[in-house]
Every structure is written in structure tokens, then in C-alpha cells.
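Each remark here refers to the structure printed beneath this line.
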Amino acid sequence: INQPEWYISLKNAIKNVFPSSVIVGASSVGEICEGKIFTNSTVILFSFFEDSSLNLFSYDCKPGSEKTIGKRLIKDIEQLNLNPRGMLLLSTPISNDSGKLFNSITSCDLNFPIFGGGAGDYANKRNTLVFDGTNCFKNGVVSVVFSGDSLYIDALTYLGYNPLSKEMTITEIGEMSVRTIDDKPAFSVYEKYLGIKADENFFQNCLEFPMLIYRDGRVITRVPFFVNEKDGSIQLVADVQVGEKFRIGYGNPQIIIAESTHIQEKMRDFQPDAILLYTCICRRFLMQEEVERETLPFNTIAPTACFYTFGQFFADG
């Protein structure tokens with residue numbers, strides 16, 4: 001539920017039982033509990049730490065302030081002289097540039113993993129929020145830094161998407177948008193290859209076909225959320241760069257399941273006490289009734305929960 005009053009009521013109920021709890025939250029586009037998918041529900045995860053410490057940081061993050069907030073977060077962490085073992089990061093990717101925020105944070109010399117995701121909105125009406133236990137932010141970032149000598153956090157990621165189109169080049173960008181691809185309006189690429197129209201169903205029709213960008217030895221994805229009918233530009237929730245090459249991709253359920261199994265094997269070796277799963281809305285729509293084939297096996301390793309996101313954060317140091 002994307003209403004601040006709901007989050008405050010949850011906080012009050014939790015604080016009555018656990019007065020010293022650290023509470024964070026985010027709106028979602030699907031919830032995961034015990035490896036199963038739920039929709040239009042509220043999932044609450046209770047995590048108990050015997051000798052680790054948690055430090056909460058939250059900021060109002062208006063468009064244009066993302067780089068500054070990222071640097072401020074790292075500075076605030078350094079001032080507390082923590083020994084972080086990992087950072088949870090939640091943001092509002094529709095209403096600010098979470099890519100700039102994340103790049104600002106990871107431009108620092110980090111020796112701990114970052115994990116988390118962008119808050120979602122079922123209606124895709126640019127209405128996402130994150131919660132720090134006191135305040136709801138429509139433009140914001142919430143972070144929890146985990147510290148403790150006996151605490152171990154392992155962050156893993158996998159994709160399972162194949163290229164569909166020829167290789168193309170991003171030739172002009174705007175703020176969180178792509179204006180031209182191969183010097184043509186960006187939208188024309190999706191119109192040409194997929195027959196997608198520039199209407200209210202644009203996001204639902206193209207979310208299964210992300211841009212596959214090759215950067216720093218990894219394949220990362222960018223999903224168009226909105227199209228500007230006037231100039232044919234498409235809006236994203238994370239950064240792209242002029243000159244970057246990409247191909248339109250499509251999800252292959254067999255490869256997704258195979259890669260999921262590979263990651264599960266790594267998780268079994270790690271022997272976690274809990275698994276937090278931040279997974280993309282694109283996978284939920286692609287897999288549909290089969291989506292639990294990807295998520296449910298994790299719960300045989302350890303209690304597994306979290307939510308479907310508008311983009312994920314991943315940094316492994």
C-alpha cells in the first residue's frame with residue numbers, strides 16, 4: 001500500500017512489541033514470503049541479531065541531489081567509525097535518479113557488499129515510497145548498515161536474458177532518458193522490433209524486453225518505463241551513457257531456472273541463516289504462474305523473503 005498512514009500504523013504495532021527495533025520498508029510490485037509470491041499484500045520480515053549492530057540512514061533525495069546524497073551517506077558512515085559487513089539500500093527510482101545515487105556511493109572505496117532495490121508501484125503512476133520507521137519518502141533513500149565481526153553477508157546476482165536484436169548504439173541521452181539510438185528516436189527501436197505502441201500500455205508491453213548493456217565486464221539491463229510521444233524518447237530508472245552499445249533482450253525461462261539453480265548451490269555452500277530476494281518486476285511478468293519455480297527453492301536453504309522491485313542494487317566491493 002502506497003499510503004504513509006499504513007506504514008505508520010505498522011511501525012506503531014511493531015514498536016509496541018519490539019521497542020528497540022530498526023524498521024525500514026518500501027512499496028512493491030509483488031511480495032515474496034517463504035519463497036512464494038503474493039500480490040497487493042504486506043509482508044513483514046523480522047530479523048534478529050545476537051551481536052551485530054545496525055545503523056539506519058535516511059535522506060530526502062530530490063531530483064538533482066542524488067550525487068550529493070550518495071557522498072553524504074558514505075561520509076556519515078565513515079564518521080561513525082563502523083566496520084560494515086554490508087549495506088541495504090532502498091530508493092524511489094521513479095521520482096529520482098537512483099542510478100546517479102548508486103554510482104555516487106560506489107565511486108568510493110568500498111570493502112562491503114551493497115544490496116537492495118527500488119520501491120515499486122502496482123499502478124505505475126510514479127508513486128513509490130520508502131520508509132525509515134518514522135518518515136515516508138516519495139523522493140528518498142533509506143539505508144541500513146550492518147556491522148559485526150561474526151556477521152557474514154554474501155550478495156549474488158544473475159540474469160538469464162538473451163539478446164534479441166542487432167547491436168545498437170545510444171547516441172543521445174537526457175535526464176534518466178534515452179533520446180536517440182543510432183541517431184533515430186529511441187522509441188522507434190521498440191516499434192520496429194516488437195511492434196509496441198506509444199500508449200498507456202507501453203511499460204507492460206516492453207518490460208519483458210530490456211536493453212542489455214555490456215559494462216565493466218558485466219551485462220546489465222535497463223527497462224524503459226515511459227515514452228514521450230512528442231520526441232520519441234524513452235525514460236529509464238537508471239543511467240546509460242552516450243556511446244554505450246546494447247541489444248534488446250528477452251527472458252529465457254529455462255536459462256533463468258538454470259542460473260537460479262546455480263546460485264542456490266552457492267547459497268547452500270554459504271549456509272545462510274536467511275535469504276533476502278530482490279527480484280525484478282520484469283521476471284514476475286515474464287514467468288507469470290511459473291515464477292515460484294525461481295524463488296521457492298531458495299526457501300529450502302533458509303527462510304526467504306523480500307519483494308519485487310523497480311530495479312535492484314548490487315555491488316560486491
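In the displayed structure, Asp273 atom CG is contacted under 6.0 Å by at most 12 heavy atoms of other residues, nucleotides or ligands. Other residues, nucleotides and ligands contribute only 12 or fewer heavy atoms inside 6.0 Å of the CD atom of Glu34. The neighbour count for Asp109 CG, taken as heavy atoms of other residues, nucleotides or ligands under 6.0 Å away, does not exceed 12. Surrounding CD of Glu50 are at most 12 heavy atoms belonging to other residues, nucleotides or ligands under 6.0 Å away.
Aromatic pair Phe310/Phe225: centroids less than 6.0 angstrom apart. Between Phe209 and Tyr250, the distance separating the two ring centers is not shorter than 6.0 angstrom.
When hydrophobic clusters are built by joining Ile, Leu, Val, Met, Phe, Trp and Tyr residues whose side-chain heavy atoms come closer than 4.5 Å, directly or via intermediates, Ile181 is grouped together with Ile213.
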Side chain to side chain contact (heavy atoms under 4.5 Å, CB included) between Cys136 and Val130: does it pass, once the steps are laid out?
CA-CA 6 Å; Cys136 282; Val130 291; over 6 Å; no

When you look at Glu265 and Thr261, which way does the side chain to side chain donor-acceptor pair (under 3.5 Å) test go after all the steps?
CA-CA 6 Å; Glu265 291 170 357; Thr261 302; over 6 Å; no

Step by step, would you call Leu110 with Ile74 a side chain to side chain contact (heavy atoms under 4.5 Å, CB included)?
CA-CA 9 Å; Leu110 305 178; Ile74 294 299; 3.8 Å; yes

Show your working on salt bridge (charged side-chain N to carboxylate O under 4.0 Å, His left out) between Glu191 and Lys184 and close with a plain yes or no.
CA-CA 12 Å; Glu191 189 176 39; Lys184 299 184 180 71; over 6 Å; no

Kindly determine whether Lys11 and Thr134 satisfy side chain to side chain contact (heavy atoms under 4.5 Å, CB included), including the steps that lead there.
CA-CA 8 Å; Lys11 182 265 293 191; Thr134 303; 5.5 Å; no

Check the pair Asp76 / Tyr59 against side chain to side chain donor-acceptor pair (under 3.5 Å), numbers first and verdict last.
CA-CA 11 Å; Asp76 289 346; Tyr59 311 91; 2.7 Å; yes

Could you check Glu31 against Ser28 for side chain to side chain donor-acceptor pair (under 3.5 Å), going step by step and ending with a plain yes or no?
CA-CA 7 Å; Glu31 300 78 56; Ser28 71; 2.5 Å; yes

Give the intermediate values and the outcome of side chain to side chain donor-acceptor pair (under 3.5 Å) for residues Ser20 and Lys15.
CA-CA 7 Å; Ser20 63; Lys15 286 288 188 181; over 6 Å; no

Apply side chain to side chain contact (heavy atoms under 4.5 Å, CB included) to the pair Leu164 and Leu194, showing each step before the final yes or no.
CA-CA 10 Å; Leu164 168 72; Leu194 302 168; 3.8 Å; yes

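Ion pairing between Arg222 and Glu244 fails under the 4.0 Å rule for side-chain N and carboxylate O. Using a 4.0 Å cut-off between charged side-chain N and carboxylate O, Arg215 and Asp239 make a salt bridge. We find that Asp316 and Arg218 are joined by a salt bridge, their nearest charged nitrogen and carboxylate oxygen being less than 4.0 Å apart. For the pair Glu172 and Arg179, the salt-bridge criterion is met [side-chain N within less than 4.0 Å of a carboxylate O]. Between Arg293 and Glu290 there is a salt bridge, with a side-chain nitrogen of the basic residue lying less than 4.0 Å from a carboxylate oxygen of the acidic one.
Residues Phe146 and Pro84 fail the side-chain proximity criterion, which asks for heavy atoms closer than 4.5 Å. Side-chain atoms of Val227 and Ile196, non-hydrogen and from C-beta on, never get closer than 4.5 Å to each other. The shortest side-chain heavy-atom distance between Gln241 and Ile173 does not fall under the 4.5 Å cut-off. Side chains of Tyr308 and Ile37 form a contact here, defined as non-hydrogen atoms less than 4.5 Å apart. Under the 4.5 Å side-chain criterion, counting only non-hydrogen atoms from C-beta, Thr221 is in contact with Leu159. Two residues are said to be in side-chain contact when any heavy atoms from C-beta on lie closer than 4.5 Å; Ile44 and Ile14 meet this criterion. Leu73 has its side chain within reach of Leu89: a pair of non-hydrogen atoms, C-beta onward, lies under 4.5 Å apart. At a threshold of 4.5 Å between non-hydrogen side-chain atoms, the residues Gln3 and Leu129 do not count as touching.
Looking at every heavy atom in both residues, Ile23 comes nearest to Leu56 through O-CD2, 4.4 Å. In plain terms, the two heavy atoms of Phe102 and Ala315 that are nearest each other are CZ-CB, 3.9 Å. Shortest non-hydrogen contact noted between Gly35 and Glu292 is O-CG, 4.2 Å.
Residues Gln312 and Thr309 bring a donor and an acceptor atom of their side chains to less than 3.5 Å of each other. Side-chain contact check for Asn103 and Lys67: no donor-acceptor pair (N or O, by modelled atom type) lies under 3.5 Å. Looking only at atom types and distance, the side chain of Thr128 has no donor-acceptor partner in the side chain of Ser27 under 3.5 Å away. In this model, no donor atom of one side chain and acceptor atom of the other lie less than 3.5 Å apart for Asn135 and Ser58. Defined by atom type and a distance below 3.5 Å, a donor-acceptor pair is missing between the side-chain atoms of Ser95 and Lys62.
Thr304 places a side-chain N or O within 3.5 Å of a backbone atom of Phe298 that can act as its donor or acceptor partner. A donor-acceptor contact shorter than 3.5 Å links the side chain of Arg85 to the backbone of Gly148.
No option in Ile248, Leu286, Val219 other than Leu286 meets the side-chain contact (heavy atoms from CB on, under 4.5 Å) test with Tyr161. A side chain to side chain donor-acceptor pair (under 3.5 Å) with Tyr158 is found for one member of Lys266, Glu259, Glu294 and no other, namely Glu294.
Residues satisfying the ring pair (Phe, Tyr, Trp, His ring centres under 6.0 Å) criterion with Phe307, sequence neighbours excluded, are Tyr278.
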